[in-house]
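Below is one structure, written out as structure tokens, with a few remarks after it.
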Amino acid sequence: LKPSCLAQSSGTPNRPLRQIVRGAADRRQRIHLLLAMACCCAAANNEAEYIDAVQIPSGGTAKERLNAALQADLLFHGVDLAKFDPDQHTSRMKDLTKENLKRVSTVLKDNPDQCIKIVGYCGPPQHDKALKLSLQRTRLARKYLQDLGCENQMAAYPLGYVDDDVGGPRCETSACTPQQVVHYEAEVELMFITELPITFYDPERPEQEHRVIFHKSPLGLRFRTGESPITLIMVD
């Protein structure tokens, strides 16, 4: 309801709102009109404040609404990693991000079986805390959606600062499968462990297994857990 609509609903579309209020029949009617005007102004201000918020078509299909929701800007305030410690401090999301997450939550709650991946980025320069900071941001976005009532499976996946990326501190979302959520979450756990025991063996001679404890990621290997203890996903 906008102020122009209020004038039309009063039956006197050409009269200023002040005259409508003054001409109200009794005190109760004047109070109702003033409250309606306040609501209209608040709605107009809210509309103007979030003019860049994601637009989700109300009459679209479920897929169209999901695709629109996943384009939402999820921006965060930048930090100085020389002073900011992700283990002790909390990154702040922008007000636009909170509004966008509210709109995204309406779509996810309509599709509770839809899984999503939330990817976190940091702005330059490269820093050894960037990966953990981007993880914190993805988990903050996920927690915000969960607090809004979303029960969807969501993977929080950090990328830190990517060379030549100009998008700044943010999160991006995309659709994924339940199996991918499990794999992404497991891979994140491997990113931050201090040691990883792996047993190598020959299926033809299982008695000759060899156990190694890695204190850093094995050179040239990327892996994640799956149905087996370790699933190799890349060999450079």
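At a threshold of 4.5 Å between non-hydrogen side-chain atoms, the residues Ile116 and Val181 do not count as touching.
For the pair Leu133 and Ser91, the tightest heavy-atom approach, listed with the atom from each and the gap, is CD1-CB, 4.1 Å. Contact record, Ala175 with Gln114: CB-NE2, 3.4 Å, taken as the closest heavy-atom pair. Looking at every heavy atom in both residues, Thr173 comes nearest to Leu70 through OG1-O, 3.2 Å. Of all heavy-atom pairs spanning Ala141 and Ile118, the tightest one is CB-CG2, 4.3 Å. Between Ala69 and Ile56 the shortest heavy-atom distance is CB-CD1, 3.9 Å.
With hydrogens and angles ignored, the 3.5 Å screen pairs a side-chain donor or acceptor of Ser134 with a backbone N or O of Gly160. Using modelled atom types, one side-chain atom of Asn111 and one backbone atom of Val107 make a donor-acceptor pair closer than 3.5 Å. Between the Gln126 side chain and the Tyr161 main chain, a donor and an acceptor come within less than 3.5 Å of each other. With hydrogens and angles disregarded, no donor-acceptor distance shorter than 3.5 Å links the side chain of Asn152 to the backbone of Cys115. Side-chain atoms of Gln55 come within 3.5 Å of backbone N or O of Ala53 as a donor-acceptor pair. The backbone N or O of Pro112 lies less than 3.5 Å from no partner atom in the side chain of Gln153, so there is not a single donor-acceptor pair. Formation of a donor-acceptor pair under 3.5 Å by the Glu185 side chain with backbone atoms of Ala156 is found in this model. Under a 3.5 Å cut-off, the side chain of Lys143 and the backbone N or O of Thr138 do not form any donor-acceptor pair.
Under a 4.0 Å N-O distance rule, the pair Lys94/Asp52 does not qualify as a salt bridge. A salt bridge between Arg142 and Glu151 is absent, with no side-chain N of the basic residue lying under 4.0 Å from a carboxylate O of the acidic one. Residues Asp87 and Lys132 are paired through a salt bridge, judged by an N-O separation under 4.0 Å between the basic side chain and the carboxylate.
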Exercise for review: Run the numbers on Cys122 and Arg170 for side chain to side chain contact (heavy atoms under 4.5 Å, CB included), then give the verdict.
Suggested key: CA-CA 7 Å; Cys122 291; Arg170 70 194 188 281; over 6 Å; no

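Cation-pi geometry between Lys117 and Tyr184 is met: under 6.0 angstrom from the ring centre, within 45 degrees of the axis.
There is a path of hydrophobic side-chain contacts, each under 4.5 Å, that joins Val188 to Val162.
Side chains of Glu187 and Tyr157: a donor on one and an acceptor on the other come within 3.5 Å.
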